Amino acid sequence: MKFLAVFIAVAVLLLSCNSTGHGTPPFRDVAQQTGLDFWQSSGAKGEYFLPEIMGSGAALFDYDNDGYLDIYLVQGTPLDSQPAGKLLVPTPPGWKTGNRLFRNNLGRTGKLSFTDVTRKAGVGYRGVGMGVAAGDYDNDGYVDLYVTNYGQNILYHNNGDGTFTDVTATAGVASSGWSTSAAFIDYDRDGLLDLAVVHYLDVDTRSCILPTGRHDYCGPKQFPRTVTQLFRNLGNGHFEDVTSAVGLDTARGPGLGILTGDFGGTGWPSFVVANDGEANHLWLNEPRKPGGNSSDRIFRESGLARGVAFASDGKPRAGMGLALGDIYGDGGEDLVVTNLPTEGFTLFQRQPSQDFADSSAQSGILHTSLPYSGFGVGFLDVENRGLLDLFTANGAVAATQTQQTGPYPYGQRNLLLRNLGKDHGFEDITASAGPAFAFQDVGRAAVFGDVNNDGGADILVTNNNGPARLLLNTAPQRGHWLLVKLEGVHTNRSAYGSVVELFRKDGTSVRRWVRGDGSYLAANDPRVHFGLGKTPQVDRIQVRWLGGVCESWKVAAPDQILTLREGTGEKCPAPPTGSGN
């Protein structure tokens, strides 16, 4: 028996090591050593106001155009009018109020570190912060920020000199109520980024009482639903609220996450909204009338018709975070939605018809995720194998969802799932992912991008009443890679809505959609990352710009960052007869 026990222990150890391919943890938390000193404080004092437990988000974006990703983190603040009240979770020494902007110094010093430049930049808004969207809405070459709040939102115009200006009032995008996630989307393909803003609930200040008599945060069923807003960019620094005109007021929901994509297969940007406890909404971008002006668009809610409203049992889930990715290399982006414990996360696999089918159980994601409250989520190729893995940031919203005690018992560990291919699904490699995955945090946003430009996908995680964590990709012996940045000219400058396709010399290809949104309350690195494996044989990169023009560039070598500007490529070759490309 003793021998058997030893054998089993060794087998488990070997399996754990082999899960990541090399036995070395693939991520390391470097937030503290790089100067990313940020602690989110929700302001919770025991009144259990629902907005306290839901925030907050972050952005990875290059605000100063030096080629390196900077970090914007959204802060909370007490909701009550009693400033002397004691916080349930005290802030650490040196804690700073308001949102914070951290500049990446790698290009200046040759070493990854961050400097807090909030004061100079003028982006330290103090409020009940929620999420952030990033995009160049005026096509001046500098990325702007839109910050969502419980209360008025903020649009920051990037001045290009290291500073930002609050242009909310003149732009007309203040919104109101409780905004959560937001996304820049050029829905009418006029070359200007419009703005979609998700709203959660019309809440009051009640708290709920558990069967034990303990007060806790209420669920969404206690409050009225809201509408997702759409602001059309007029091109002169002003936006117009077209929510009703395009049909978005025809369906309400407790919206949390938003994700843009070509869900109809038409080349026109649409978006999906994760609703908490109700059917997810899929808003398909369609012409207002057949044969009419192609830019005169409306949105039709098609979640049920296309198969993403509910899981396979026909029941709504507590949808929070969203991610899209071509996980099996078949050319269609699949959708994952994070939910609450006992529900499991839902993986909707794209069908050739553009409909979706629930493949959560077959993929292994359902069983693995059952204990968790998932928020931030994303597909990423951890080892550059050419297969997209899955990361989720987890944290409870009710004390009954964990086994913890104390004044703030909502912590959970995050999850890392390795993609084993279409016939094998995903395996949980969290236990072998190292100390960075041992924390019991109240995870919220997960933001994805290559912060040190070494070809590895990194993860920024925000925590409710906790520190920001920067998970640097340290997976050894990673495969080759390409990172593609697009610059639109006739298309919006951020190139959101365009499709990048990498062709290998054997004729196979893989596609990536360009977006800055997704996850939960987050703005991701819009550069497109391709993992190429150990023996890359790349022929060319093709870009189908949002406006419809297709251009091609030859790739001389892997392991580089390519910047492709609209109008500088060759005309795309015609696809072979019968090809789906």
Side-chain angles (χ1 to χ4, degrees), residues 16 19-20 25-33 36-46 48 52-58 73-76 87-92 95 210 212 214-217 318 320-321 338-345 365 367-378 390-417 428-447 458-472 474 519-522:
S16 173
S19 309
T20 57
F27 290 96
R28 181 164 52 94
D29 180 12
V30 298
Q32 288 299 310
Q33 72 184 65
L36 189 63
D37 185 13
F38 180 87
W39 178 285
Q40 195 273 356
S41 178
S42 72
K45 299 177 182 178
Y48 298 98
E52 296 168 350
I53 195 68
M54 303 304 290
S56 54
L73 291 155
V74 180
Q75 186 59 271
L87 296 175
L88 290 179
V89 182
T91 56
W95 177 81
L210 304 178
T212 60
R214 184 184 186 278
H215 286 259
D216 208 340
Y217 295 100
M320 274 101 67
T338 56
N339 305 303
L340 286 179
T342 73
E343 296 179 338
F345 305 160
I365 290 176
H367 176 75
T368 303
S369 61
L370 282 173
Y372 299 99
S373 299
F375 280 85
V377 60
L390 182 68
F391 173 89
T392 67
N394 307 313
V397 292
T400 55
Q401 296 168 356
T402 70
Q403 301 298 317
Q404 299 178 0
T405 59
Y408 213 69
Y410 305 107
Q412 294 182 341
R413 69 169 187 167
N414 299 326
L415 280 178
L416 182 63
L417 307 183
D428 183 358
I429 61 169
T430 309
S432 61
F437 284 78
F439 301 108
Q440 292 281 325
D441 291 326
V442 187
R444 290 299 178 255
V447 198
D458 309 306
I459 311 171
L460 172 68
V461 182
T462 69
N463 294 300
N464 185 271
N465 274 327
R469 301 195 186 278
L470 181 58
L471 307 184
L472 195 68
T474 55
S519 189
Y520 172 79
L521 307 180

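Just so we're clear, the structure is a prediction, and the values are computed from it rather than from any experiment.
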Quiz prompt | Where Pro407 and Arg214 come nearest, the two heavy atoms and their spacing | solution = O-NH2, 4.3 Å

Exercise. Kindly write out the residues that satisfy side chain to side chain contact (heavy atoms under 4.5 Å, CB included) with Asp29, not counting sequence neighbours, or none if the list is empty.
Key: Ala31, Ala436, Phe439, Arg469, Leu471

Quiz prompt | Nearest heavy-atom neighbours spanning Leu460 and Ala58 | solution = CD2-CB, 3.8 Å

Self-check item: Sequence neighbours excluded, every pair satisfying salt bridge (charged side-chain N to carboxylate O under 4.0 Å, His left out) that has a member inside residues 403-412
Solution: none

Self-check item: Over all atoms of both residues, closest heavy-atom pair of Ala445 and Ala393
Solution: O-CB, 4.1 Å

Quiz item: Would you call Val377 and Tyr520 a side-chain contact if the rule is heavy atoms closer than 4.5 Å?
Solution: no

Self-check item: Any Asn394 side-chain heavy atom under 4.5 Å of Arg444 side chain
Solution: no

Quiz item: Can you name the ring-ring contact (aromatic ring centres under 6.0 Å, His included) partners of Phe391, sequence neighbours left out?
Solution: Phe437

Exercise. Report yes if the side chains of Met54 and Tyr217 come closer than 4.5 Å at any heavy-atom pair, otherwise no.
Key: no

Quiz item: Are Asp428 and Thr368 linked by a side-chain donor-acceptor pair shorter than 3.5 Å?
Solution: no

Self-check item: Ser42 backbone acceptor or donor facing Glu52 side chain under 3.5 Å
Solution: no

Exercise. State, with a plain yes or no, whether a side-chain heavy atom of Leu36 is found less than 4.5 Å away from one of Leu73.
Key: yes

Quiz item: Does the side chain of Ile365 reach to within under 4.5 Å of the side chain of Leu390, using non-hydrogen atoms?
Solution: yes

Quiz prompt | Side chain to side chain, Phe375 and Leu521, heavy atoms closer than 4.5 Å | solution = no

Exercise. Look up atom OG1 in Thr462 and atom CZ in Phe38, then write down how far apart they are to the nearest 0.5 Å.
Key: 8.0 Å

Quiz item: When rounded to the nearest 0.5 angstrom, what distance separates CG in Asn465 from CD1 in Ile53?
Solution: 7.5 Å

Exercise. Taking Ser519 for its side chain and Val447 for its backbone only, find out whether a donor-acceptor pair lies under 3.5 Å.
Key: no

Quiz item: Would you say the side-chain atoms of Gln404 pair up with the backbone N or O of Gly411, donor to acceptor, closer than 3.5 Å?
Solution: yes

Quiz item: So, the side chain of Thr338 versus the backbone of Gly374: is there a donor-acceptor pair under 3.5 Å, distance only?
Solution: yes

Quiz item: So, Tyr410 and Asp441: side-chain donor and acceptor under 3.5 Å apart, yes or no?
Solution: no

Quiz item: Listed by chain and number, what are the side chain to side chain donor-acceptor pair (under 3.5 Å) partners of Ser41, not counting sequence neighbours?
Solution: none

Practice problem: With sequence neighbours excluded, tell me which residues meet side chain to side chain contact (heavy atoms under 4.5 Å, CB included) with Leu472. | Solution: Arg28, Val30, Leu112, Val451, Asn452, Asp458

Quiz prompt | Closest non-hydrogen atom pair, Gln75 against Gln40 | solution = OE1-CA, 3.3 Å

Quiz prompt | Donor on one side chain, acceptor on other, Asn339 and Tyr372, under 3.5 Å | solution = no

Exercise. Please examine the side chains of Leu340 and Thr342, heavy atoms only from C-beta on, and report whether any two atoms are closer than 4.5 Å.
Key: no

Quiz item: Are the side chain of Thr430 and the backbone N or O of Leu416 linked by a donor-acceptor pair below 3.5 Å?
Solution: yes

Quiz item: For the atom pair CH2 (Trp39) and CH2 (Trp95), what is the distance rounded to the nearest 0.5 Å?
Solution: 11.5 Å

Quiz item: Does Ala398 offer a backbone N or O that forms a donor-acceptor pair with the side chain of Asp216 under 3.5 Å?
Solution: no

Quiz item: For Pro341, what residues pass the side chain to side chain contact (heavy atoms under 4.5 Å, CB included) criterion, not counting sequence neighbours?
Solution: Ser373, Gln401, Gln412

Quiz item: Can you tell me how far CD of Gln32 sits from CG of Asp37, rounded to the nearest 0.5 angstrom?
Solution: 5.5 Å

Practice problem: To the nearest 0.5 angstrom, please state how far the OG1 atom of Thr392 sits from the CG atom of Leu417. | Solution: 6.5 Å

